[in-house]
Novice: 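This is the structure I want to talk about, given as structure tokens.
Because the structure is a prediction, the values reported are computed rather than measured. When a ligand or atom number is given, it counts from 1 through the structure's own listing order.
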Amino acid sequence: MRIILVGWGVVGQSFAKIVTYRKKELAEMYGFCPRIVAIVDQKGAVLNTKGLDIEQMLFLKNEKGTISACNKDGHPYMSALEVIESVEAEVIVEVTPTNIETAEPGLSYIKNAFRTGKHVVTTNKGPLALALPALTELADHNNVYLRFSGTVGAGTPILEFAKKCLQGDKINSVRGILNGTTNYILSEMDKKNITFNVALKAAQKLGFAEADPTMDVDGYDAAAKLVIMANWIMEKKVTIKDVKIEGIRDVSSKDLEEAKKKDCTIKLIGSINENLKVEPMQISKHDPLAVDGALNAVTYVSESAGEQTIIGLGAGGMETASAVLRDILDIKQNIANKMME
Ligand code: HSE
């Protein structure tokens, strides 16, 4: 399977490492023989139809700042769109940073991949939060697959748990902690009786929160994930504009003290019922969602199987890359099934 990797940051590099170091095992267990035929970073591209040498690509990024500095196969200034349109491959792995306002450049990459008949695996929440219903239609129209498990829960299979493990059941509602940074901040405030600003600084120091923490603390990251879940799992045609969003900036130590008196704590909860909401809420300390630190947790309430909660890390390069691999294997399986029909 030929793969174009758009984005050579932590997730892109982690994915390339996994498929390189586990090459033999992936071939034996899944018949999966990936060939990364192109990589694009911010300064250009590197192309080789026989498959790129990943060790060399990792070295080039570290030493020269761009993979396009490769003497043999490098194409400085070649854009991702040029690569997507001109290089033959089955799958595009789109791992560029999220822009929740415009969804670009990821949105154009995904659309162009579809138009040129390529399947897409993305970890970029922007295009999905703004246009998932349209993107799923476009993928169907072009007879290709769009997969995005790494966008919700990173390596924790929150989407697949609902879509595959609960297959056939009807999910009536969802409640969950979908953002690790805010969960870390609220847990620290609760445990150590410190203010939001002090806890935020600690989260930034540990690398959880971005230097501009708006996406996390104002609830947009959790809202984007909620939109993805509502579309994918519950067939709701919604975008981020349909979510009522409130972040955690106004949660005070006093609010947490009040909650404690009732054996409760405060968490940033995303919920899907008739409406989609992200808001700080008091929950019982005995609720399965009352997880601490940077964990994510989601409770699904389904018609026949009842209530189930899945808990796990919701961020990290290797973790997210493992979701990319799962998605590609899923696409491979779907293609094989189609051929048997
Ligand atoms: N910033 C996100 C979080 C991780 O804190 O959960 C990526 O989705």
Novice: Are the charged groups of K164 and D330 less than 4.0 angstrom apart, N to O?
Specialist: yes
Novice: Which residue supplies the protein heavy atom nearest to atom 3 (C) of ligand 1, what is that atom called, and how far is it?
Specialist: N179 ND2, 3.3 Å
Novice: Any salt bridge between K285 and D292, counting N to O under 4.0 Å?
Specialist: no
Novice: In ligand 1, which numbered atoms sit nearer than 4.0 Å to a non-hydrogen atom of K125?
Specialist: 7 (C), 8 (O)
Novice: Report the part of T182 in contact with ligand 1, treating N, CA, C, O as backbone and CB onward as side chain, heavy atoms under 4.0 Å; options are side chain, backbone, both, neither.
Specialist: neither
Novice: Quick one: list whatever passes ring-ring contact (aromatic ring centres under 6.0 Å, His included) with Y220, sequence neighbours left out.
Specialist: none
Novice: With a 4.0 Å cut-off on N to O distance, would you call E188 and K192 a salt bridge?
Specialist: yes
Novice: For ligand 1, which atoms sit closer than 4.0 Å to a heavy atom of D216?
Specialist: 1 (N), 2 (C), 3 (C), 5 (O)
Novice: Quick one: which ligand 1 atoms are inside 4.0 Å of a heavy atom on A315?
Specialist: 4 (C)
Novice: For the 3.5 Å polar cut-off, considering only N or O atoms, please tell me whether T151 and ligand 1 meet it.
Specialist: no
Novice: Going by the atom numbers of ligand 1, which of them fall below 4.0 Å from some non-hydrogen atom of G180?
Specialist: 3 (C), 5 (O), 6 (O)
Novice: Which residue and atom name correspond to the protein heavy atom nearest atom 5 (O) of ligand 1, and how close is it?
Specialist: T181 OG1, 2.5 Å
Novice: With a 4.0 Å cut-off, would you call E257 and K261 a salt bridge?
Specialist: no
Novice: Give a yes or no on whether a salt bridge exists between E160 and R326, defined as a side-chain N under 4.0 angstrom from a carboxylate O.
Specialist: yes
